[in-house]
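Naming convention: chains lettered A, B, ... in sequence-line order (proteins, then strands); numbering from 1 in each chain. When reading the values below, keep in mind they use all heavy atoms of this one structure, side chains included, and skip hydrogens, waters and symmetry mates.
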Amino acid sequence: MADRAPWAALADEVTAATAVVALGAGTHVEIGGIVVGATPIRVPGGVTAFDPADMTVKLNAGTTFAELQAVLAESGQECPLDPRDPSATVGGILAAGVSGPRRLGLGPLRDHVLEVTMITADGRLVRGGGPTVKNVSGYDIPRLVVGSLGTLGVIVHTILRTRPTAGARQWFTSHDDPQALASALFHPTAMLWDGSTTLVLLEGHAPDIAEQAQAGALTPLADSMIPGRPAAVHRGRISVEPGQLGALAADLTALGARWTAELRVGTVHVGTDTAADLGRARTLAAAHGGWLLREAGAPSLDPFGTDLPGASVQRRLRRLLDPTAKLSPGRVLATQPQVEVAA
Amino acid sequence: MSFAVRAANRCRVPFVARGSGTGLAGGATPIDGALVIALTRMNRVLEVDAEARVAWVEPGVLNLDLTRAVTHLGLHYAPDPSSQQACTIGGNVGTNAGGPHCLSAGVTSAHVLAVDVVLADGTEARIGSLGPDVPGLDLRGGFVGSEGTMGIATGIAVRLEPDPPEIRTLLADFTAIDDAASAVSAIIAAGIVPAALEMMDAKITQAVEDFVGAGFPRDAEAVLLVEVAGLAGGVGVETAAIDVVCRAHGARTVRIAVDPEERALLWKGRKSAFGAVARIAPDYYLHDAVVPRTKLVEVIRKVYEISERYELIAMNVFHAGDGNLHPLLVFDGREPGVWDRVHAAGDEILRVCIDAGGVLSGEHGIGLEKRDAMSLIFDPDDLALQAAVRDAFDPDGLANPEKVLPKGSRCGEIQRVPEGAWI
């Protein structure tokens, strides 16, 4: 059962306000829409429990990724959320639903989340999921909350699964055909492509990495850091079937956009100099069966620019949980009418 | 399918989707005159894209048939419930099924990319995507494990995994179950996440050996079946490390399967466990609960205590690596009064698991069996949240009613929609 006491004051704040928005480090504050005139709710941080033998960690949502990483590293473990800015809070990462670049090998963000506790629009504390690494006790609330952009509740606490940090880790470059390269490698952790160079991350045992590197004719990189994603005023994230990446990449390059694609995953991080170009990138994504989530800039662009699958279900859930659209107003799902919010 | 569901809606008749009916919790059991929509004949593998490692299947495809259909491509479908010869992919989606190899690969939800569903009102939708993310909420994530209460899957896109280049299977035998459990913890603590890490106690090991003759030691108090898969170097290092850890924790022998046949035989032993129990007594009640890995020894000891007190035989075969217990209570159902003892013992076992920080189910779901136990781990407000999710998918309450959520958690208890709110 969730301990309500630590969250009573925060719950009262949510209850009293006419509109609220949970704020973490603000690294993805524009994602899915700009929130106007809402009371900011700041959830405290702090790892509340970590048992390395269980490979699970409990933490308050305001914990930064850097802080979490430091705690886990003491026991040789990690949780590969890998936000572009390590000052991002775990609650913010969950709400924004941004998987890290190691998704190819280690799974998407939602696979790492076991339990979520949040404050509902009417100030109740609710918990979904559970503390164990395997669990089908009731509905998978955490998967619905990941990527919900703060529209289902204010995330206050979560339990994540952790993993042992790999014994060896090495980034490589390759200029070969990325598809052929992908087939030659067994379970690479990440494969990032910018149209000319493929960056490959291999993790595991050193002899295996060396053998894979040889099989893929890879050149080792000195830098062990995860490469940055494109920096730009106007940014978006394309989601497309991985098989479409080649054709889409050619179009994006012709547009002059800066982009990094996650091979075999289908995510393309796009940055453009003008809002109009981000809109064009969205059109290109749609032409290849994908869609673009606006992440920053381009304020006139719709957050999703596409119909939501199962829109009636999504609408009903929002209505049941947040009848007055109090949670993150303005950062809305495309099917939700705009709500006037007093400043 | 859509026609059937619409017809049920017109007649206000509840409906229940059913695959092979191998689930333990009664999730596919129709009650109150519900219409059963049997999916076992929707058993085609529709499309396999070896390059993208994706297959579209109908819900009635048997789990093992899917893997058999892609074996020649060097691919497999990772979740492998013990009932994989009989259970369907649709049923696996319904219960978010697991299996021994889900320890490192993850359970069903991590392998289902998209689902074509007929929603509870008969409308059709594709939820999820072959691309990485979907706009809005991850309804696919909500649907997987919803036990047929959110609609019916008619097509399922699953992720296929490349077969690992190297596989090693080890069988370690112990003279004390505590030693085996501490070896499990020590393997995990050594930073190794094996592909599978299964434990069998003395009684089940003997029953399996009598049944299969896989060479399991009859005098062991517990055996561990451990599998390591991946690239050769890592597999070699981890196999050696597990060998050392097991011996350090009191293993008498550590047998490493020398060829695929021996490996298959060891797994046949593990996966035949429930069938082998018939040699002990005609009936068994199989439980499914999860406890934190670190609480395994404590909980198993209590399972034995409880079953002794109720004069029942307890046998344990389970996914030790992820703390997913499957205590079997073995008995003869013809014995007067035995069912009361079985149920009472089962309730106590569940409570012990919950008191140890565990949950109600690891891979079979809540269904009817554990519906009323939901309030042991969730507050009324938590259940109201789940009820809202269910109502969003099925406002009229026709999809597999009376399952998962205890009576009284649905409808009306959610906040009312205020005047003037957007709808």
(message) Tell me the closest heavy-atom pair linking A:Gly138 and B:Val404, and the distance in Å.
(response) CA-CG1, 4.1 Å
(message) Counting heavy-atom pairs under 4.5 Å with chain A, which one of B:Gly234, B:Gly365, B:Gly236, B:Gly323 comes out on top?
(response) B:Gly234
(message) Could you check whether any side-chain N or O of A:Asp208 sits under 3.5 Å from a backbone N or O of B:Gly233, counting only pairs where one atom can act as donor and the other as acceptor?
(response) yes
(request) Name the member of A:Thr267, A:Val136, A:Leu144 that forms the most heavy-atom pairs with chain B at distances under 4.5 Å. (result) A:Val136
(message) For A:Gln212, which atoms come within 4.5 Å of any heavy atom of chain B: side chain, backbone, both, or neither?
(response) side chain
(request) Give a yes or no answer on whether the side chain of A:Gln314 reaches the backbone of B:Gly136 with a donor-acceptor pair at less than 3.5 Å. (result) no
(request) Could you tell me which residues satisfy salt bridge (charged side-chain N to carboxylate O under 4.0 Å, His left out) with A:Glu211, sequence neighbours excluded, listed by chain and number? (result) none
(message) Can you tell me which of B:Pro292, B:Gly357, B:Ala190 forms the most heavy-atom pairs within a distance under 4.5 Å of chain A?
(response) B:Pro292
(request) First locate atom CZ of B:Arg293, then atom CG of A:Asp51, and finally report the distance between them rounded to the nearest 0.5 Å. (result) 9.5 Å
(message) On a heavy-atom basis, which atom in A:Asp140 and which in B:Ser109 lie closest, and how many Å separate them?
(response) OD2-OG, 4.4 Å
(request) State plainly whether the residues A:Arg103 and B:Asp133 are in salt-bridge range, i.e. N to O under 4.0 Å. (result) yes
(request) Taking the side chain as every heavy atom from C-beta outward, state whether B:Val193 and A:Arg163 have any pair of such atoms under 4.5 Å apart. (result) no
(message) Quick check on B:Asn324 against chain A: is it the side chain, the backbone, both or neither that has a heavy atom closer than 4.5 Å?
(response) side chain
(request) Please report the shortest heavy-atom distance between A:Leu125 and B:Asp381, naming the atom on each side. (result) O-CB, 4.1 Å
(message) Less than 4.5 Å to any heavy atom of chain A: does that hold for the side chain of B:Pro380, its backbone, both, or neither?
(response) neither
(request) Below 4.5 Å from any heavy atom of chain A, which atoms of B:Ala52 appear? Answer side chain, backbone, both or neither. (result) backbone
(message) What part of B:Val359 gets within 4.5 angstrom of chain A, counting heavy atoms only: side chain, backbone, both, or neither?
(response) both
(request) Using modelled atom types only, decide if a donor and an acceptor are shared between the side chain of A:Arg143 and the backbone of B:Gly142 within a distance under 3.5 Å. (result) no
(request) Counting only heavy atoms closer than 4.5 Å, note whether A:Ile209 contacts chain B via side chain, backbone, both or neither. (result) neither
(request) Measure B:Leu139 against the heavy atoms of chain A and call it side chain, backbone, both or neither at under 4.5 Å. (result) both
(message) Is the shortest side-chain heavy-atom distance between B:Gln386 and A:Ile141 below 4.5 Å?
(response) yes
(message) Give me the atom names and distance for the closest heavy-atom approach of B:Ile366 to A:Ser137.
(response) CD1-CA, 3.7 Å
(request) Counting only heavy atoms closer than 4.5 Å, note whether A:Val265 contacts chain B via side chain, backbone, both or neither. (result) both
(request) Side chain from CB out, backbone as N, CA, C, O: work out which of these in B:Ser361 comes under 4.5 Å of a heavy atom of chain A, or both, or neither. (result) both
(message) Check this for me: does any side-chain nitrogen of one of B:Asp379 and A:Arg4 sit under 4.0 Å from a carboxylate oxygen of the other?
(response) yes
(request) Scan for side-chain hydrogen bond (donor to acceptor under 3.5 Å, both in side chains) pairs involving residues 140-150 of chain B, sequence neighbours excluded, and state none if there are none. (result) A:Tyr139-B:Thr149, B:Asp138-B:Arg140
(message) Quick check on B:Leu113 against chain A: is it the side chain, the backbone, both or neither that has a heavy atom closer than 4.5 Å?
(response) neither
(message) Quick check on the interface: out of B:Leu130, B:Asp288, B:Thr95, who has the most heavy-atom pairs with chain A under 4.5 Å?
(response) B:Leu130
(message) What I'd like to find out is whether the side chain of A:Pro309 reaches to under 4.5 Å of the side chain of B:Pro135, using heavy atoms alone.
(response) yes
(message) Under a 4.5 Å cutoff for heavy-atom pairs, which residue among A:Val240, A:Ile238, A:Leu293 has the most contacts with chain B?
(response) A:Val240
(message) Once rounded to the nearest 0.5 Å, what's the spacing between atom NE2 of A:His205 and atom CD of B:Glu238?
(response) 4.0 Å
(message) Using modelled atom types and a 3.5 Å cut-off, is there a donor and acceptor pairing between side-chain atoms of B:Thr294 and backbone atoms of A:Ala53?
(response) no
(request) Counting only heavy atoms closer than 4.5 Å, note whether B:Val291 contacts chain A via side chain, backbone, both or neither. (result) backbone
(message) Below 4.5 Å, heavy-atom pairs only: which of B:Ala189, B:Pro165, B:Gly98, B:Ala232 has the largest tally toward chain A?
(response) B:Pro165
(request) Using a cut-off of under 4.5 Å on heavy-atom pairs, state which of A:Pro164, A:Ser239, A:Gly266 scores highest against chain B. (result) A:Ser239
(request) Side-chain contact test, heavy atoms from C-beta onward, threshold under 4.5 Å: evaluate it for A:Leu152 versus B:Leu137 and give yes or no. (result) yes
(message) With a 4.5 angstrom heavy-atom cut-off, is it the side chain or the backbone of A:Arg264 that approaches chain B, or both, or neither?
(response) side chain
(message) Quick check on the interface: out of B:Ala125, B:Gly141, B:Pro132, who has the most heavy-atom pairs with chain A under 4.5 Å?
(response) B:Pro132
(message) Is it the case that the side chain of A:Asn135 and the backbone of B:Val290 share a donor-acceptor pair, with hydrogens and angles ignored and the cut-off at 3.5 Å?
(response) no
(request) Please determine if A:Arg316 and B:Asp391 form a salt bridge, counting it only when a charged side-chain N lies under 4.0 Å from a carboxylate O. (result) no
(request) Using non-hydrogen atoms and a 4.5 Å limit, figure out which bit of B:His364 sits close to chain A: side chain, backbone, both or neither. (result) backbone
(message) Below 4.5 Å, heavy-atom pairs only: which of A:Val133, A:Thr132, A:Thr165 has the largest tally toward chain B?
(response) A:Thr132
(request) Step by step, work out the side-chain contact (heavy atoms from CB on, under 4.5 Å) result for B:Val389 and A:Leu317. (result) CA-CA 6 Å; B:Val389 171; A:Leu317 184 58; 3.9 Å; yes
(message) Run B:Leu385 and A:Arg124 through side-chain contact (heavy atoms from CB on, under 4.5 Å) and show every step you take.
(response) CA-CA 10 Å; B:Leu385 169 69; A:Arg124 290 175 300 161; over 6 Å; no
(message) Out of B:Glu363, B:Arg53, B:Glu51, B:Arg126, return the one with the most heavy atom pairs under 4.5 angstrom to chain A.
(response) B:Arg53
